[in-house]
Amino acid sequence: MRPWPRSSTRRRARSPSATPCSRAAPICPVRPATAPRPRNGPAMSDTSAVRLRFAPSPTGFLHVGGARTALFNWLHARKAGGAFILRIEDTDQERSTDAAYQAILRSMEWLGLDWDEGPGVGGPCGPYLQSERLEVYREQAATLRASGRLYRCFCTGEEIAARNAARGEQESAGYDGHCRELAAAQIAAFEAEGRVPSWRLRTPDEGETFWYDLVYDKREFRNDLITDRVVMKQDGFPTYNFAVVVDDHLMRISHVLRGDDHVSNTPFQLQIYDALGWERPKFGHMPMILGPDRKRLSKRHGATSVEEFRDQGILPDAMINYLALLGWSPGASGDEVFTREGLVKAFSLKRVNSSPAAFDYDKLAHINAQHLKRLGPADRLALAEPVLAARGWALDPAWRAPADDTRDYLTKVLAMLGGRFSDLRRVPEQIGFFFTDDFPVDPEAAAHLEGPEIPARLRALADRLAAALPPQGAAGQDVYEAAVRGLAEETGLEAGDLIHPCRVALTGLTRSAGMFEVMWLIGGPRTVARLRRAAGDR
RNA sequence: GUCCCCUUCGUCUAGUGGUUAGGACACCGCCCUUUCACGGCGGCAGCACGGGUUCGAGCCCCGUAGGGGACGCCA
């Protein structure tokens, strides 16, 4: 019943020598001034070091919301020259899956959000999978227990809900402190029944808990509203709220940047920091991402997982660029298209917005197009080849221009696309006619071939081209242009009258790159042949 | 229900007491042009509402409305 099988990427755990600082807590020294310094490099020797983390739970694919959280953490870490840590929060044995774990790593890698410590790369504060840190949590829980801050709770969820309802409150009103003062005899009785307790943190009933949030400024909660939440579950696993605090502290996280949905967890977590006598990190909560209808972004709005966007031809840099713009703004500069480096340079936590933003697929597409058309020839080629291969299309060597090799030829074709290279999914239809004579003819385009005068014009053009082309070798674009314009002039036609049917004959499309460039790339013989074919001369 | 938060064009946003309220996406028009894009130029469109404070409010305060989030032995 463990949906969480071992995988090769997971690191060995519980071996005392697995990592330099896993001897005893604190795992990573908190105050090197008073504690012996481990020899783990510069990051370990400076407690003021900027260290951020992204801590997803492997219960599903990486969602754009999670990706943005990861991105902002990454950006701030990179900007500050600090460390970015990836930690997997898999304390829910029921829901965590290896497939999700793999998918998250894949998405992070695809986005280029590289982590300095975490799965696959290790690091001095590991292990980085919470399921491999159980001893750590138990140890901290023992400390808390020893100080009297924890108590056993034997209540079931139903019992709590029933009591809440009986008091006239909402069933989900939270824990009522029922087991706070259980008598020893009562505890013994429960345990004799075989009931296993969970452990709750006793929180104060008076006063306030507050912090200065990096994006919201002061946040304050009344202590009587903070319920005694479970810290160690019946199954011996820590709860999220306990594990994050322990890990963030031991991993020496300096800034906790997370979604707005964690705001109400923060006061409780702050209580744990205080109970353990730990210094608090800085907290920043970022507003949620909404769908176009201003409801929480979900699958019914369209793509939400990073991999879906990848499959739709979104570039990782574009995804990152767009996500950064969602809740952060570069200020008055006006420029919104950023390279990854530019983003790191321009980023500032101070400019993170406090109001929720709606995801705009159109704008993502625009940012993507901007990135796409700025790519150089080599990058275009690298992107286009797999797309074409997926269609089963590979360039026939016979197609290339005499002096080129296949990839040079493809590179020319892609360069020809110019600003039209803005949607990877459309590339096959845009250049399919470079791969085969048997291309489809768009119905709308076919109309351009319909007039009774068309065949004669195409034939005339074919003849003229055939005569103008050198018998051997390739002609320049100017030769094609001269032929078309010359014929138009002699017959009293507009150049367009020839070009439109010609485009259909050569490409099957109503829209394409420049006609003469297309002719030149296809080459004289095929151009002539296709013109004759369209004229009905087979 | 309780608690917390948010509110500038349809959307993302700039703005921190005096602005013709700026930019971007989308949309519309024009230019370029053999088509379609790209690019250039222009247009449409916004401070949720009501009270204060102030000589003066998009910016400060209060309230209302709308929206979002949280209230698990999920994270």
Side-chain angles (χ1 to χ4, degrees), chain A residues 55-59 89-92 94-96 130 153 155-157 160-161 164 168-175 196-200 213 216 219-222 225-227 229-241 243-244 258-267 285 287-288 290 292 294-296 322 325-337 351 353-367 369 373 417-423 430 445 448 481 484-485 488 494-500 502-504 507 509-516:
Chain A
S57 62
T59 54
E89 311 219 320
D90 57 345
T91 53
D92 186 336
E94 306 282 286
R95 302 193 208 185
S96 299
Q130 291 188 327
C153 175
C155 300
T156 63
I160 296 167
N164 286 341
E169 288 181 32
Q170 204 84 155
E171 284 194 359
S172 60
Y175 187 64
V196 179
S198 60
W199 292 84
R200 289 183 185 270
D213 198 276
Y216 286 97
R219 287 281 205 158
E220 190 170 19
F221 286 82
R222 272 161 45 206
L225 262 14
I226 305 175
T227 58
R229 304 201 206 189
V230 170
V231 133
M232 291 297 282
K233 309 184 217 176
Q234 274 185 317
D235 65 4
F237 275 62
T239 57
Y240 157 76
N241 276 301
V244 246
R258 53 180 21 168
D260 197 13
D261 49 340
H262 285 290
V263 168
S264 57
N265 289 322
T266 307
H285 292 89
M288 311 266 75
L290 275 24
R294 303 210 70 82
K295 302 284 182 201
R296 191 181 190 142
Y322 176 68
L325 258 20
L326 220 49
W328 169 81
S329 112
S333 79
D335 231 352
E336 293 191 323
V337 181
R351 299 200 63 86
N353 229 77
S354 60
S355 58
F359 196 92
D360 185 347
Y361 291 88
D362 283 340
K363 183 130 185 185
L364 204 213
H366 170 258
I367 296 285
K373 73 182 199 204
L417 251 21
R420 294 172 202 79
F421 190 73
S422 62
D423 184 343
Q430 285 176 308
H448 286 286
E481 179 157 9
V484 173
R485 293 200 188 283
E494 291 294 323
D497 294 333
L498 288 171
I499 288 170
H500 293 302
C502 180
R503 166 171 289 110
V504 181
T507 71
L509 304 168
T510 53
R511 303 179 278 266
S512 78
M515 205 65 265
F516 310 122

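Just so it is clear: chains get the letters A, B, ... in the order the sequence lines come, proteins before strands, and each one is counted from 1.
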Problem set entry | Integer angstrom distance from the P of B:rU20 to that of B:rU11 | 26 Å

For this session: In whole angstrom, give me the gap between the C1' atoms of B:rC28 and B:rA75.
Result: 47 Å

For this session: Would you mind pulling out the nucleotide paired to B:rC3, Watson-Crick or G-U wobble, both distances under 3.5 Å?
Result: B:rG69

Problem set entry | Nearest-Å distance for atom pair CG/P, residues A:Leu290 and B:rG69 | 7 Å

Problem set entry | Which nucleotide in B:rC12, B:rG68, B:rC6 has an atom nearest any side-chain atom of A:Arg296 | B:rG68

Exercise. If you look at every strand shown and take non-hydrogen atoms under 4.0 Å, does A:Ala513 touch a base, only sugar-phosphate, or nothing?
Worked result: base

For this session: Ignoring backbone atoms, test whether A:Arg485 places a side-chain nitrogen or oxygen under 4.0 Å from the OP1 or OP2 oxygen of B:rU34.
Result: yes

For this session: Identify which nucleotide among B:rU34, B:rC73, B:rA24 has an atom closest to any side-chain atom of A:Thr239, counting heavy atoms from C-beta outward.
Result: B:rC73

Problem set entry | Between C1' of B:rC74 and CD of A:Glu89, the distance in whole Å | 11 Å

For this session: If B:rA14 has a Watson-Crick or G-U wobble mate with both distances under 3.5 Å, name it; if not, just say none.
Result: none

Exercise. Which one, B:rG68, B:rC73, B:rG69, comes nearest to the side chain of A:Ser198?
Worked result: B:rC73

Exercise. For A:Arg351, which contact category applies under a 4.0 Å heavy-atom criterion: base, sugar-phosphate, or nothing?
Worked result: sugar-phosphate

For this session: Indicate, with a heavy-atom threshold strictly under 4.0 Å, whether A:Gly168 touches base, sugar-phosphate, or nothing.
Result: nothing

Problem set entry | Validation row: A:Pro58, A:Ser96 side chains within 4.5 angstrom (heavy atoms) | yes

Seminar exercise, completed: Rounded to whole Å, the CG-C1' distance (A:Asp92 to B:rG72) equals 11 Å

For this session: Grab the CZ-P distance between A:Arg294 and B:rC9 for me, whole Å please.
Result: 9 Å

For this session: Please determine, for B:rA75, whether a Watson-Crick or G-U wobble partner exists with both distances under 3.5 Å, and give it or none.
Result: none

For this session: Write down the distance separating the C1' atoms in B:rU34 and B:rG15, rounded off to the nearest Å.
Result: 46 Å

Problem set entry | Exercise: identify the closest heavy-atom pair between A:Pro356 and A:Leu290 | CB-CD2, 3.7 Å

Problem set entry | Non-hydrogen side-chain atoms of A:His448 and A:Arg503 separated by less than 4.5 Å | no

Problem set entry | Whole-Å gap separating P (B:rG69) and CZ (A:Phe221) | 15 Å

Exercise. How many Å lie between CD on A:Gln170 and C1' on B:rC71, as a whole number?
Worked result: 9 Å

Exercise. If the P atom of B:rG58 is compared with that of B:rG69, how far apart are they to the nearest Å?
Worked result: 31 Å

Exercise. Where the side chain of A:Asp362 is concerned, which of B:rA26, B:rC73, B:rU7 is the nearest nucleotide?
Worked result: B:rA26

Exercise. Taking atom P in both B:rC61 and B:rA26, what distance in whole Å separates the two?
Worked result: 37 Å

Exercise. Choosing from B:rC36, B:rU34, B:rU11, which nucleotide comes nearest the side chain of A:His500?
Worked result: B:rU34

Exercise. When we call it a touch if two heavy atoms are under 4.0 Å apart, what does A:Thr227 touch: a base, just sugar-phosphate, or nothing?
Worked result: nothing

Exercise. Which is true for A:His285 with a 4.0 Å heavy-atom rule: it touches a base, it touches only sugar-phosphate, or it touches nothing?
Worked result: nothing

Problem set entry | 5′-ward residue of the pair A:Leu364/A:Ser264 relative to RNA chain B | A:Leu364

Problem set entry | Contact summary for A:Ala243 and A:Thr91, nearest pair of heavy atoms | CB-CG2, 4.4 Å

Problem set entry | Closest non-hydrogen atom pair between A:Cys153 and A:Tyr175, with its separation | SG-OH, 3.2 Å

Exercise. Could one point to a donor on the side chain of A:Asp360 or the base of B:rA26 with an acceptor on the other under 3.5 Å away?
Worked result: no

For this session: Assign A:Gly418 to base, sugar-phosphate, or nothing according to its heavy-atom contacts below 4.0 angstrom with the strands shown.
Result: nothing

Exercise. When we call it a touch if two heavy atoms are under 4.0 Å apart, what does A:Ser329 touch: a base, just sugar-phosphate, or nothing?
Worked result: sugar-phosphate

For this session: Remember a base hit wins even if backbone is also touched, and classify A:Cys502 as base, sugar-phosphate or nothing at under 4.0 Å, heavy atoms.
Result: nothing

For this session: Report the base-pairing partner of B:rU20 (Watson-Crick or G-U wobble, both distances below 3.5 angstrom), or none.
Result: none

Problem set entry | Between B:rU8 and B:rC59 - C1' atom distance, rounded Å | 11 Å

Exercise. More 5' along RNA chain B: A:Ile367 or A:Leu326, using each one's nearest nucleotide?
Worked result: A:Leu326

For this session: Examine B:rG39: is either OP1 or OP2 under 4.0 Å from a nitrogen or oxygen in the side chain of A:Lys373? Give yes or no.
Result: yes

Exercise. Under 4.0 angstrom, heavy atoms only, what part of the nucleic acid is A:Tyr216 near: base, sugar-phosphate, or nothing?
Worked result: sugar-phosphate

Exercise. Can you name the one residue among A:Asp261, A:Asn265, A:Asp213, A:Asp260 that meets side chain to side chain donor-acceptor pair (under 3.5 Å) with A:His285?
Worked result: A:Asp213

Exercise. Do you know which two heavy atoms are closest between A:Ser57 and A:Glu89, and how far apart they sit?
Worked result: CB-O, 3.1 Å

Exercise. Is there a side-chain polar atom (N or O) of A:Lys233 under 4.0 Å from OP1 or OP2 of B:rG72?
Worked result: no

For this session: Sticking with atom C1', work out how far B:rU53 lies from B:rU13, rounded to a whole angstrom.
Result: 29 Å

Exercise. Which whole-number value in Å describes the distance from A:Ile160 CD1 to B:rC73 C1'?
Worked result: 8 Å

Exercise. How long is the line joining CZ of A:Arg511 and C1' of B:rU33, in whole Å?
Worked result: 16 Å

For this session: Pick base, sugar-phosphate or nothing for A:Ser512, based on heavy-atom distances below 4.0 Å to the nucleic acid.
Result: base

For this session: Could you check whether A:Ala495 gets within reach of a base, just the sugar-phosphate, or nothing at all, counting any heavy atom under 4.0 Å?
Result: nothing

Seminar exercise, completed: pair_partner(B:rG39), Watson-Crick or wobble, both distances < 3.5 Å, evaluates to B:rC31

For this session: Using the C1' atom as the reference point in each nucleotide, state the distance between B:rA45 and B:rA21 in Å, no decimals.
Result: 13 Å

Seminar exercise, completed: Taking a pair to mean Watson-Crick or G-U wobble geometry with both distances below 3.5 Å, B:rG50 pairs with B:rC62

For this session: Determine which nucleotide pairs with B:rA26, using a 3.5 Å limit on both distances of a Watson-Crick or G-U wobble pair.
Result: none

Problem set entry | side-chain N/O A:Arg219 vs B:rC4 OP1/OP2, d < 4.0 Å | no

Seminar exercise, completed: When every non-hydrogen atom of A:Leu498 is compared with those of A:Ala488, the smallest separation belongs to CD1-N, 3.7 Å

Exercise. Without hydrogens or angle criteria, can the side chains of A:Asn241 and A:Thr239 be said to hold a donor-acceptor pair below 3.5 Å?
Worked result: no

Exercise. For B:rA14, does OP1 or OP2 lie under 4.0 Å from any side-chain N or O of A:Asn353?
Worked result: yes

For this session: Go through the N and O atoms of the side chain of A:Arg420 and the base of B:rC38, and report whether any donor-acceptor pair is under 3.5 Å.
Result: no

Problem set entry | A:Lys295 side-chain proximity, nearest of B:rU35, B:rG68, B:rC73 | B:rG68

Exercise. What is the minimum heavy-atom distance between A:Ser264 and A:Phe221, and which atoms define it?
Worked result: CA-CZ, 4.4 Å

Exercise. Of the candidate nucleotides B:rC73, B:rG39, B:rA75, which contains the atom at the shortest distance from the side chain of A:Gln234?
Worked result: B:rC73

